[in-house]
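To start, the structure itself, in structure tokens.
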Amino acid sequence: MKCAEVRDLLGNYMDGDLTERMMQRIEKHLLRCAECAYEARSMEQARDLLRRGVDHPMVSEQLGERILRQLAQRYPHLRTDQRDDEPLSLPFLPEE
Ligand SMILES: [Zn+2]
């Protein structure tokens, strides 16, 4: 299995969203290939952080709002019609 194939499937692998055979092939590759194993580990950590961030927001409301404002300035097409005095919501975080 090539590294590029493994990288493509890493996300699905993390979700357990592959056939048993595929899972095993990727596992085997990860055992032999330090680079892909590193990639898998970083991805796992990022997903873990993201999950925890959703459950227990890590940024304070104030900081979150500042980041959102900066994002809105940088990417005007993301801007919504919210008024300034309304709380901003995080558009990129899934809502439960
Ligand atoms: Zn590899």
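Everything numeric here is computed off the predicted structure, so don't read it as measured data. Every number for a ligand or one of its atoms is a count from 1 in the order of the listing.
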- Among Arg41, Met43, Arg47, find the one that has a side-chain contact (heavy atoms from CB on, under 4.5 Å) with Gln45. Arg41

- Item | Heavy-atom neighbours of Arg7 CZ exceed 12 at 6.0 Å |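 Yes.
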
- Message: Would you say that more than 12 heavy atoms from the other residues, nucleotides or ligands in this model lie under 6.0 Å from the CD of Glu44, or not?
- Response: no

- Heavy atoms of His29 and Cys36 approach each other most closely as NE2-SG, 3.3 Å

- Message: Is the shortest side-chain heavy-atom distance between Met1 and Leu9 below 4.5 Å?
- Response: yes

- Query: Does the side chain of Tyr13 reach to within under 4.5 Å of the side chain of Leu30, using non-hydrogen atoms?
  - Reply: yes

- Neighbouring protein N, O or S atoms of the Zn ion (ligand 1) [cut-off: under 2.8 Å, no waters]: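 For the Zn ion (ligand 1), the protein N, O and S atoms that sit under 2.8 Å away are Cys3 SG, His29 NE2, Cys33 SG, Cys36 SG.
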
